[in-house]
Engineer: 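I am attaching a structure below and will ask some questions about it afterwards.
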There are 2 protein chains.
Amino acid sequence: MNTSLSIKQVEKISKALGDPYRLKIMKIVSNSESCVQCCDVSAEFNLAQSTMSHHIKQLIDADLLIADKEGRNLKFVVNKEVCTAYADYINSLVL
Amino acid sequence: MNTSLSIKQVEKISKALGDPYRLKIMKIVSNSESCVQCCDVSAEFNLAQSTMSHHIKQLIDADLLIADKEGRNLKFVVNKEVCTAYADYINSLVL
DNA sequence: TAAAAATATCGAAATATTTAGATATTTAAA
DNA sequence: TTTAAATATCTAAATATTTCGATATTTTTA
């Protein structure tokens, strides 16, 4: 595998992670055994539904989450490949 | 060692890395053998001096760079411990 | 000590992000 | 087949970030 990210992707991912709600979403998805859906995540926050939708969209757009629409639900998991590639990029700053 | 970051620190670091100029600064500092100083970095960009100063301040505030004032120059190196801890945090999202 | 060099700070404009409410869409259930 | 549930989209306000120019500070050099 060993995906390597463009600098633009690194920027987008960093931006996506630069928000407390989105970091918490990542943690919730990461901690769960199976797929998670919007409404599960939303329940943990005191934010409008449209706001949650917006945050989740940013994580998906940054390829940090992989989403799969099942019926009227949106399920997602952490994109391990991209997370690992991002961590690799950060580590490459340390020689 | 094994520094571990608070969620607030992770957010701050992510935010600091969510900008093309700041990512480029990190790369320049990372790629250089020894310490780098503001004026060296600034020369690479087409930005006002005050803007550069602001960007560098954000990287220092996020503990991504360690700065050392030498006379009228500000020299810095990558904070390896924090970068590694941040990469570890990202990797911890991938179970 | 006056001038120059390197950096920092302040104020303000331009731009981007966050958030909520209203509404739309899509699918499942009654 | 109407209703409810889950999510998405749009608009607009509130807030935050980026950027610059002007000026201040600190240190070195002439």
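Letters A, B, ... mirror the listed sequences (proteins, then strands); counts begin at 1.
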Engineer: May I have the distance from B/Ile60 (atom CD1) to C/dA8 (atom C1'), rounded to whole angstrom?
Structural biologist: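 Roughly 11 Å, once rounded to whole Å.
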
Engineer: Who clusters with A/Ile66? Use side-chain heavy atoms, under 4.5 angstrom, across I, L, V, M, F, W and Y, and order the result by chain and number.
Structural biologist: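 Besides A/Ile66, the cluster holds A/Val77.
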
Engineer: Whole Å only: how far is the CD1 atom of A/Ile56 from the P atom of C/dT19?
Structural biologist: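 Computing the A/Ile56:CD1 to C/dT19:P distance gives 13 Å.
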
Engineer: Identify whether any heavy atom of B/Leu47 sits under 4.0 Å from a base atom; if not, whether one sits that close to sugar-phosphate; answer base, sugar-phosphate or nothing.
Structural biologist: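 Since only primed, P, OP1 and OP2 atoms lie under 4.0 Å of B/Leu47, the category is sugar-phosphate.
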
Engineer: Extract all donor-acceptor atom pairs below 3.5 Å that involve side chains of residues 4-11 of chain A and protein atoms in other chains or at least two apart in sequence.
Structural biologist:
{"residue": "A/Ser6", "atom": "OG", "partner": "A/Lys8", "partner atom": "N", "Å": "3.4"}
{"residue": "A/Ser6", "atom": "OG", "partner": "A/Gln9", "partner atom": "N", "Å": "3.1"}
{"residue": "A/Ser6", "atom": "OG", "partner": "A/Gln9", "partner atom": "OE1", "Å": "3.4"}
{"residue": "A/Lys8", "atom": "NZ", "partner": "A/Glu11", "partner atom": "OE1", "Å": "2.7"}
{"residue": "A/Gln9", "atom": "OE1", "partner": "A/Ser6", "partner atom": "N", "Å": "2.9"}
{"residue": "A/Glu11", "atom": "OE2", "partner": "A/Lys15", "partner atom": "NZ", "Å": "3.1"}

Engineer: Which pairs, with at least one residue in residues 83-95 of chain A and sequence neighbours excluded, count as a side-chain hydrogen bond (donor to acceptor under 3.5 Å, both in side chains)?
Structural biologist: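 Passing the test, one end in residues 83-95 of chain A: A/Ser14-A/Tyr86, A/Tyr86-B/Tyr86.
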
Engineer: Using the ring pair (Phe, Tyr, Trp, His ring centres under 6.0 Å) criterion, which residues pair with B/His55? Sequence neighbours excluded.
Structural biologist: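 Only B/Tyr21 meet the ring pair (Phe, Tyr, Trp, His ring centres under 6.0 Å) criterion with B/His55.
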
Engineer: Nearest whole angstrom, please: distance from the C1' of D/dT9 to the CE of A/Met52.
Structural biologist: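 For the pair A/Met52 CE and D/dT9 C1', the rounded distance is 16 Å.
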
Engineer: Holding to salt bridge (charged side-chain N to carboxylate O under 4.0 Å, His left out), I want the full list of residues that pass it with A/Glu70, two or more places apart in sequence or in another chain.
Structural biologist: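 Expected list: A/Lys75.
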
Engineer: So which one's nearest nucleotide on DNA chain C is more toward 5', A/Asp19 or B/Lys75?
Structural biologist: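 It is B/Lys75, whose closest nucleotide lies nearer the 5' terminus.
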
Engineer: Would a 4.5 Å heavy-atom cut-off, applied to side chains only, mark A/Ile90 and B/Leu17 as touching?
Structural biologist: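 They are in side-chain contact.
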
Engineer: Rounded off to whole Å, could you give me the CZ-to-P distance for the A/Phe45 and C/dA20 pair?
Structural biologist: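 One finds 12 Å between P of C/dA20 and CZ of A/Phe45, rounded.
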
Engineer: Would you mind building the protein contact string for nucleotides 25-30 of chain C? One character per nucleotide, 5' to 3', B for base within reach (heavy atoms under 4.0 Å), S for sugar-phosphate only, - for untouched.
Structural biologist: --BS--

Engineer: Walk me through whether B/Asp68 and B/Cys35 qualify under side chain to side chain contact (heavy atoms under 4.5 Å, CB included).
Structural biologist: CA-CA 9 Å; B/Asp68 181 34; B/Cys35 284; over 6 Å; no

Engineer: Listed in order of residue number, which residues of residues 23-40 of chain A have a non-hydrogen atom at under 4.0 Å from DNA chain D?
Structural biologist: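 Those residues whose heavy atoms fall under 4.0 Å from DNA chain D, taken from residues 23-40 of chain A in numerical order, are A/Gln37, A/Cys38, A/Cys39.
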
Engineer: Quantify the bending of the helix from C/dT1-D/dA30 to C/dA30-D/dT1 as the angle between its end axes, each fitted on five pairs, to 10°.
Structural biologist: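 Nearest ten degrees gives 10° for this helix.
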
Engineer: Could you tell me which residues satisfy salt bridge (charged side-chain N to carboxylate O under 4.0 Å, His left out) with B/Lys57, sequence neighbours excluded, listed by chain and number?
Structural biologist: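 If we apply the salt bridge (charged side-chain N to carboxylate O under 4.0 Å, His left out) test to B/Lys57, skipping adjacent residues, the hits are B/Asp61.
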
Engineer: Rounded to whole angstroms, how far apart are CD on A/Gln58 and C1' on D/dT9?
Structural biologist: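 Interatomic distance, CD of A/Gln58 to C1' of D/dT9: 15 Å.
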
Engineer: Indicate the atoms forming the closest heavy-atom contact of B/Ala85 with B/Thr3, along with that distance.
Structural biologist: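 Closest pair (atom of B/Ala85, atom of B/Thr3, distance): CB-O, 3.3 Å.
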
Engineer: Mind calculating the distance between NE2 (B/His55) and P (D/dC20) to the nearest angstrom?
Structural biologist: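 Spelled out: NE2 on B/His55 to P on D/dC20 is 8 Å.
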
Engineer: Given side chains that start at C-beta, do those of B/Leu23 and B/Asp19 come closer than 4.5 Å, heavy atoms only?
Structural biologist: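 No - every pair of side-chain heavy atoms lies 4.5 Å or more apart.
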
Engineer: What is the per-nucleotide protein-contact pattern of nucleotides 9-16 of chain C, from the 5' end, where B denotes a base atom under 4.0 Å from a protein heavy atom, S denotes such proximity for sugar-phosphate atoms only, and - denotes neither?
Structural biologist: B-------

Engineer: Taking side chain as C-beta onward, heavy atoms only, is B/Leu64 less than 4.5 Å from B/Val78?
Structural biologist: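 In short, these two side chains do not touch, never coming nearer than 4.5 Å.
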
Engineer: Any side-chain to backbone donor/acceptor pair from B/Asn79 onto B/Asp63? Under 3.5 Å, distance only.
Structural biologist: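 Flag set: sc B/Asn79 to bb B/Asp63 pair under 3.5 Å.
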
Engineer: Could you pull out every donor-acceptor pair under 3.5 Å between side chains of residues 36-45 of chain A and any protein atom, sequence neighbours left out?
Structural biologist:
{"residue": "A/Asp40", "atom": "OD2", "partner": "A/Gln37", "partner atom": "N", "Å": "3.3"}
{"residue": "A/Ser42", "atom": "OG", "partner": "A/Cys38", "partner atom": "O", "Å": "2.9"}

Engineer: Using a side-chain heavy atom cutoff under 4.5 Å and only I, L, V, M, F, W and Y, what cluster partners does A/Val94 have?
Structural biologist: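 Members other than A/Val94 - counting any ILVMFWY side chain reachable under 4.5 Å - there are none.
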
Engineer: Please report, rounded to the nearest Å, how far the P atom of D/dT7 is from the CG atom of A/Asp61.
Structural biologist: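 Those two atoms, CG and P, are 17 Å apart.
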
